[in-house]
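A quick write-up on the structure given underneath.
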Protein chains: 2
Amino acid sequence: MSDLDQTDRRILRELDTDARMPVAMIAHRLGLARGTVQARLDKLDAAGALRLPSTRITPQALGRPVAASVQVELDQHRIAEAIAALADIPEVLECFAPAGDTDLLLRVVARNPDDLYRVSEEIRLCPGITRTSTSLFLRTVIPYRVTGLLAGA
Amino acid sequence: MSDLDQTDRRILRELDTDARMPVAMIAHRLGLARGTVQARLDKLDAAGALRLPSTRITPQALGRPVAASVQVELDQHRIAEAIAALADIPEVLECFAPAGDTDLLLRVVARNPDDLYRVSEEIRLCPGITRTSTSLFLRTVIPYRVTGLLAGA
DNA sequence: TGCTGATTGAGCGATATGATCAATAGCGAC
DNA sequence: GTCGCTATTGATCATATCGCTCAATCAGCA
């Protein structure tokens with residue numbers, strides 16, 4: 001997956017203007033040939049530069065307005081087991097392995113605070129997980145965005 | 001933004017199969033009328049249930065393979081100022097206000113470890129920010145997904 | 001029962017798509 | 001400078017898709 005060049009970025013910026021903008025319209029607005037835009041877009045998802053369409057759906061729309069992060073400590077001998085169990089929990093939207101004391105850092109969502117408690121219990125009970133610490137997000141200060149990177153170099 | 005019902009979810013699941021699947025094809029596969037699917041999709045982005053198309057672009061594709069989280073402590077009198085400054089940093093992909101000692105939790109990306117240092121410096125120098133703690137993500141264990149929520153209730 | 005809103009199935013014209021083609025431009029290798 | 005490779009251009013084509021309309025049906029609810 002090589003980096004997107006300026007042309008790719010300009011195309012994608014146009015699509016941010018209107019997700020359903022026709023290829024011919026994009027081409028016209030950017031002063032490119034239609035075929036070029038078409039080829040670029042084909043390459044983009046062939047290259048795996050794009051996540052699944054469903055990643056555009058906000059958790060709110062799926063009835064999960066409550067967000068939190070969960071720090072997890074693992075039994076180091078059962079890491080794979082733990083990860084597999086976490087992957088089976090729908091509310092776990094993503095999971096990273098940070099440097100430092102925490103073994104895993106999860107992003108989770110829930111229907112409400114009570115539901116968040118249920119989810120965090122489910123996480124705590126995963127095999128190989130020795131300790132968790134949940135931190136409720138009171139507010140989303142900056143919603144997920146890539147526009148800044150798309151605009152710059 | 002009311003919750004998506006089962007029909008909406010089934011439509012979106014089909015789109016995960018193939019992002020460019022025509023509306024008529026979705027309708028046929030789900031046993032729905034074309035107009036219904038079209039109306040549902042129209043409602044979806046009218047309701048703001050979908051983020052910008054650019055959110056599908058992986059930071060990797062934008063040349064930012066390095067990810068990290070940054071915990072931020074603020075001068076409580078200059079919160080708005082700090083947030084505005086953070087919003088101006090393209091590498092800050094999102095920002096939450098968690099309950100607890102940390103005032104803000106940022107998701108950032110960078111070109112490489114060196115670049116991450118630059119970004120974290122930029123954050124540290126934002127007005128109103130008194131302290132930061134950056135934690136490098138060694139690995140993405142579960143990439144961002146909503147499929148689980150989409151499949152369930 | 002009667003109302004309201006969503007869904008259906010069908011049809012319509014306008015538009016977009018995917019594919020092709022020859023010609024050209026850009027770029028690195030030699 | 002020249003060769004060869006690749007991307008781009010501008011054009012054309014047939015086909016598929018879109019957005020819209022309509023009357024009829026259906027589901028939920030007062």
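Numbered from 1 within each chain, the chains take letters A, B, ... in sequence-line order.
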Note to self: Enumerate the salt bridge (charged side-chain N to carboxylate O under 4.0 Å, His left out) contacts for residues 67-88 of chain A, please, sequence neighbours excluded, ordered by first and then second residue.
What the structure shows: A:Glu73-A:Arg131, A:Arg78-A:Glu81

Side-chain donor-acceptor contacts of residues 139-150 of chain A below 3.5 Å, not counting sequence neighbours, with atom names and distances?
{"unit_1": "A:Tyr144", "atom_1": "OH", "unit_2": "A:Arg51", "atom_2": "NH2", "d": "3.2"}
{"unit_1": "A:Arg145", "atom_1": "NE", "unit_2": "B:Val92", "atom_2": "O", "d": "2.9"}
{"unit_1": "A:Arg145", "atom_1": "NH1", "unit_2": "B:Ala87", "atom_2": "O", "d": "2.7"}
{"unit_1": "A:Arg145", "atom_1": "NH2", "unit_2": "B:Ala87", "atom_2": "O", "d": "3.2"}
{"unit_1": "A:Arg145", "atom_1": "NH2", "unit_2": "B:Ile89", "atom_2": "O", "d": "2.9"}
{"unit_1": "A:Arg145", "atom_1": "NH2", "unit_2": "B:Val92", "atom_2": "O", "d": "2.7"}

Next item on the list: Not counting sequence neighbours, list each pair that qualifies as a ring pair (Phe, Tyr, Trp, His ring centres under 6.0 Å) and has a residue in residues 22-77 of chain B.
Entry: none

Note to self: Filter on salt bridge (charged side-chain N to carboxylate O under 4.0 Å, His left out), then keep only pairs touching residues 89-104 of chain A, sequence neighbours left out; what's left?
What the structure shows: A:Arg64-A:Glu91, A:Glu91-A:Arg118, A:Glu94-A:Arg107, A:Glu94-B:Arg107

Item checked: For B:Asp18, salt bridge (Lys or Arg N to Asp or Glu O under 4.0 Å) partners two or more places apart -> none

Notebook entry, point to check: How would nucleotides 9-19 of chain C be written as a contact map, 5' to 3', with B for base contact, S for sugar-phosphate-only contact and - for no contact, using protein heavy atoms under 4.0 Å?
Noted result: --B----SBBB

Notebook entry, point to check: Residues two or more places apart in sequence or in another chain: which of them pass side chain to side chain contact (heavy atoms under 4.5 Å, CB included) with B:Ala99?
Noted result: A:Leu138

Item checked: Integer-rounded Å distance: C:dT7 P and B:Ile26 CD1 -> 15 Å

Note to self: Is it true that, when you exclude A:Met25 itself, more than 12 heavy atoms of the residues, nucleotides or ligands shown sit nearer than 6.0 Å to its CE?
What the structure shows: no

Note to self: List the residues meeting salt bridge (Lys or Arg N to Asp or Glu O under 4.0 Å) with A:Asp5, not counting sequence neighbours, and say none if there are none.
What the structure shows: A:Arg40

Next item on the list: Starting from C1' on C:dA6, measure out to CD on B:Gln6 and report it in whole angstrom.
Entry: 17 Å

Item checked: Partner residues of A:Asp42 under the salt bridge (Lys or Arg N to Asp or Glu O under 4.0 Å) criterion, sequence neighbours left out -> none

Item checked: By side chain to side chain contact (heavy atoms under 4.5 Å, CB included) - contacts of A:Leu30 (at least two apart) -> A:Arg10, A:Ile11, A:Glu14, A:Ile26, A:Leu32

Notebook entry, point to check: At what angle, to 10 degrees, do the two end axes of the helix from C:dT1-D:dA30 to C:dC30-D:dG1 meet, given five pairs define each axis?
Noted result: 60°

Next item on the list: Taking heavy atoms of chain B and a 4.0 Å limit, find me the 5'-most and 3'-most nucleotide of DNA chain D within that range.
Entry: D:dT17 to D:dC20

